[in-house]
Amino acid sequence: MKTGPDGRLYGVDLVSGEILKWEPVTLLPSPQPNLSASFNNFADLSSLNLNGSASGANSRLRLTPASGNRAGSAFFNQAFQVGGNTSFSTQFQFQITGSQGTNGADGFSLVLQNSPAGSNAVGRFGGDIGYGGITRSIAIEFDTFNNGPMDLNSNHLSILSNGITDAPLASVNAPFDLNNGDTLTAWVDYNGTTNLLQVYLANSTIQPSTAVLSANVDLAGLLGNQAFIGFTAGTGGLVNNHEILTWSFSSTV
């Protein structure tokens, strides 16, 4: 490798030592065995990769604006190792608002993925909520629009896999109106010993004693040896702002 005229690192012909073609070399950090991060707000977005319509807005992470046919994602730019006993926990506050209020769409998801795009991954807009098409993945969907047979109703949570949005592993009615502008808090815990994935939801910062949604998931089988964690969201003909206010997560191998 050699430093090019623009200061970036490039590959060279190791036999002749001559630069036959200038091609940038991307050095990706190795996945961490134990990874943790905490965001009390999103004034600093330097550790996140923002894709599609995602942006910072008033120290919040806005995955989509209240505008039609948008898809956005934000992933932590460092992956964590995944093995047979990997566990993780995450907590985040979110708010869904917009001029259409409870008639807005389409929802957002927490995603762990090891797709070829890495932290640059973003899926399709509309009912695919920015997640559809992201392979080697698991997602917890917070869905605010009924797209027909693929959805339980217009206010539900689902566990999805491999970028497929019409074949949930589990679904449940949301205990609160996801789309009414309230600040809600979610917790997602995964036990790598039992393979149990549990989702909790509250309209306060106190974690409930009972999960609202759970499923047995083989995390390593779905993702392989690493995972990027983050969020996706989408709008279609109907719209909403999908915003994450706070976020923390940790993983252990």
Side-chain angles (χ1 to χ4, degrees), residues 29 32 35-80 88-102 104-113 117-123 125 129-131 134 139-144 157 174 176-189 199-208 227-235 238-251:
Q32 297 297 303
L35 187 66
S36 64
S38 182
F39 298 86
N40 294 322
N41 59 57
F42 290 92
D44 181 359
L45 297 170
S46 61
S47 60
L48 302 177
N49 272 11
L50 305 184
N51 310 294
S53 64
S55 67
N58 301 317
S59 296
R60 296 179 172 200
L61 173 58
R62 177 172 289 176
L63 298 166
T64 71
S67 182
N69 298 328
R70 300 294 187 94
S73 72
F75 287 99
F76 196 69
N77 57 23
Q78 171 68 65
F80 64 84
F88 74 87
S89 294
T90 185
Q91 175 183 348
F92 55 92
Q93 288 184 297
F94 66 90
Q95 189 177 33
I96 301 175
T97 61
S99 59
Q100 294 171 314
T102 56
D106 272 85
F108 77 98
S109 61
L110 171 78
V111 178
L112 289 86
Q113 53 89 9
S119 60
N120 297 312
V122 61
F125 63 81
I129 59 170
Y131 169 68
I134 299 178
I140 293 83
E141 172 192 59
F142 298 77
D143 196 313
T144 60
L157 280 68
F176 308 101
D177 185 354
L178 301 173
N179 214 13
N180 68 359
D182 286 350
T183 297
L184 301 177
T185 306
W187 297 258
V188 179
D189 297 325
V199 184
Y200 302 80
L201 186 65
N203 56 2
S204 70
T205 57
I206 300 173
Q207 183 172 353
F228 289 95
I229 186 170
F231 300 92
T232 73
T235 66
L238 298 175
V239 304
N240 264 330
N241 297 308
H242 298 92
E243 296 180 333
I244 309 300
L245 283 61
T246 66
W247 181 32
S248 62
F249 65 85
S250 62
S251 70

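All values reported here derive from a predicted model rather than from experimental measurement. Basis for what follows: all heavy atoms, side chains included, without hydrogens, waters or symmetry-related copies.
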Asks: Give me the atom names and distance for the closest heavy-atom approach of F176 to L201.
Replies: CE1-O, 3.7 Å
Asks: Side chains of R70 and V239, heavy atoms from C-beta outward: is any pair under 4.5 Å?
Replies: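 They are not in contact (no side-chain heavy atoms under 4.5 Å apart), so the answer is no.
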Asks: Give a yes or no on whether the backbone of S46 and the side-chain of D44 come within a donor-acceptor separation of less than 3.5 Å.
Replies: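 Yes; at least one donor-acceptor contact below 3.5 Å.
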Asks: Kindly say whether the aromatic ring centers of F76 and F249 come within a distance under 6.0 Å.
Replies: yes
Asks: Search all heavy atoms of A57 against all heavy atoms of E243 and return the closest pair with its distance.
Replies: CB-OE2, 4.4 Å
Asks: Does any N or O in the side chain of N51 come within less than 3.5 Å of the main-chain N or O of S119, such that one atom is a donor and the other an acceptor?
Replies: yes
Asks: Would you check if the side chain of S89 reaches a backbone N or O of S250 as a donor-acceptor pair within less than 3.5 Å?
Replies: no
Asks: As an exercise, state the distance from OG1 of T144 to CG of L238, rounded to the nearest 0.5 Å.
Replies: 9.0 Å
Asks: Looking at every heavy atom in both A202 and I206, which two are closest together, and how far apart are they?
Replies: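 The answer is CB-O, 3.7 Å.
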Asks: How far apart are the closest heavy atoms of F142 and A186, and which atoms are they?
Replies: CZ-CB, 4.0 Å
Asks: Applying side chain to side chain contact (heavy atoms under 4.5 Å, CB included), run through I229 and L35 and close with a yes or a no.
Replies: CA-CA 10 Å; I229 186 170; L35 187 66; 5.6 Å; no
Asks: Quick one: which of D143, T97, N240 gives a side chain to side chain donor-acceptor pair (under 3.5 Å) with N179?
Replies: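 Filter result, single survivor: N240.
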Asks: How far apart are the C-alpha atoms of N49 and N120, what are their side-chain angles, what is the distance that settles it, and do they pass the side chain to side chain donor-acceptor pair (under 3.5 Å) test?
Replies: CA-CA 6 Å; N49 272 11; N120 297 312; 3.3 Å; yes
Asks: Is E141 reaching over with its side chain to a backbone N or O of S109, donor-acceptor style, under 3.5 angstrom?
Replies: no
Asks: Which value, rounded to the nearest 0.5 Å, describes the distance between L50 atom CG and R62 atom CZ?
Replies: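 Atom-to-atom, L50:CG and R62:CZ are 13.0 Å apart.
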Asks: Any donor-acceptor pair under 3.5 Å linking the side chain of T235 with the backbone of A105?
Replies: no
Asks: How far apart are the closest heavy atoms of W187 and P208, and which atoms are they?
Replies: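 Scanning both residues, the minimum pair turns out to be CZ3-CD, 3.6 Å.
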Asks: Would Q113 and F228 satisfy side chain to side chain contact (heavy atoms under 4.5 Å, CB included), going step by step from the backbone distance to the final call?
Replies: CA-CA 5 Å; Q113 53 89 9; F228 289 95; 3.7 Å; yes
Asks: So does N41 get a backbone contact from the side chain of T246, meaning a donor-acceptor N/O pair under 3.5 Å?
Replies: no
Asks: Side chains of W247 and L61, heavy atoms from C-beta outward: is any pair under 4.5 Å?
Replies: no
Asks: Look up atom CG in L48 and atom CD in Q78, then write down how far apart they are to the nearest 0.5 Å.
Replies: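 One gets 12.5 Å once the value is rounded to the nearest 0.5 Å.
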Asks: Nearest 0.5 angstrom please: F92 CZ to L245 CG, how far?
Replies: 11.5 Å
Asks: Using modelled atom types only, decide if a donor and an acceptor are shared between the side chain of N180 and the backbone of D182 within a distance under 3.5 Å.
Replies: yes
Asks: Does F94 have its ring centroid less than 6.0 Å away from the ring centroid of F231?
Replies: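 Between F231 and F94, which both carry aromatic rings, the centre distance is not below 6.0 Å.
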Asks: Pick out which of P65, S67, S73 makes a side chain to side chain contact (heavy atoms under 4.5 Å, CB included) with S53.
Replies: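 The side chain to side chain contact (heavy atoms under 4.5 Å, CB included) with S53 is passed solely by P65 among P65, S67, S73.
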Asks: Any side-chain heavy atom of F80 sitting closer than 4.5 Å to one from S36?
Replies: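 Contact flag for F80/S36 side chains = no.
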Asks: Distance-only, no hydrogens or angles: does the T232 side chain make a donor-acceptor pair with backbone N or O of G72 under 3.5 Å?
Replies: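 Not at all, since once roles are kept as given, no pair shorter than 3.5 Å links the two residues.
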Asks: Is any side-chain heavy atom of V199 closer than 4.5 Å to a side-chain heavy atom of L110?
Replies: no
Asks: Just verifying a value: how many Å separate I244 CD1 and I96 CD1, rounded to the nearest 0.5 Å?
Replies: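 One finds 8.0 Å between CD1 of I244 and CD1 of I96.
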Asks: Could you walk me through whether D106 and T64 satisfy the side chain to side chain contact (heavy atoms under 4.5 Å, CB included) test, starting with their C-alpha distance in whole Å, then the side-chain angles of each, then the deciding distance to 0.1 Å, before giving a yes or no?
Replies: CA-CA 10 Å; D106 272 85; T64 71; over 6 Å; no
Asks: Could you go step by step and tell me if L112 and F88 meet the side chain to side chain contact (heavy atoms under 4.5 Å, CB included) rule?
Replies: CA-CA 10 Å; L112 289 86; F88 74 87; 3.7 Å; yes
Asks: Considering all heavy atoms of both residues, which atom of A233 and which atom of F108 are nearest to each other, and what is their separation?
Replies: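 For A233 versus F108, the nearest heavy atoms are CB-CB, 3.6 Å.
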Asks: Measure the CD-CD distance between Q91 and Q207 for me, rounded to the nearest 0.5 Å.
Replies: 7.0 Å
